[in-house]
Amino acid sequence: MHDPAWEELLESKVRRVLTPVHPSVSFRNHLRYNLQLAGQHQAAQRAMQLRHPQHANYWVLGVAALGLTVAAGSMIAWALRARMLPPQ
């Protein structure tokens, strides 16, 4: 299945094209600082997104409020009617 000659050819070509790079200390420090800064910024963005409340479905809230109003009105009407009727 695997052809060792093909893998060796590929490896030699990759080694010829890609040479190892050793970055300077100042570049590595600058890169570390920028990555830490980007990570802090991303964490702050995620925290801000978590603080925003989800948008409520106002239709559902309106229907619930209407239902509660009707139920409370019905209870009040029943209580008033019970007081006005003579006892039997």
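Numbers here simply count residues along the sequence, with the first being 1.
Interatomic distance, CD of Glu11 versus CZ of Arg16, reported as 12.5 Å (0.5 Å rounding). The CZ atom of Arg15 sits 10.5 Å away from atom CD of Glu8, with the distance rounded to the nearest 0.5 Å.
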Could you give the side-chain donor-acceptor pairs of residues 26-39 under 3.5 Å, partners two or more places apart or in another chain?
unit_1 : atom_1 : unit_2 : atom_2 : d
Ser26  : OG     : Ser24  : OG     : 3.2
Asn29  : OD1    : Arg32  : NH1    : 2.9
Asn29  : ND2    : Val25  : O      : 3.4
His30  : NE2    : Asn34  : ND2    : 3.0

Under 3.5 Å, which donor-acceptor pairs link side chains of residues 66-78 to any protein atom two or more places apart or in another chain?
unit_1 : atom_1 : unit_2 : atom_2 : d
Thr69  : OG1    : Ala65  : O      : 2.8
Ser74  : OG     : Val70  : O      : 2.8

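Taking Ile, Leu, Val, Met, Phe, Trp and Tyr as hydrophobic and joining them when side-chain heavy atoms fall under 4.5 Å apart, one finds Trp59 isolated, its cluster having no other members.
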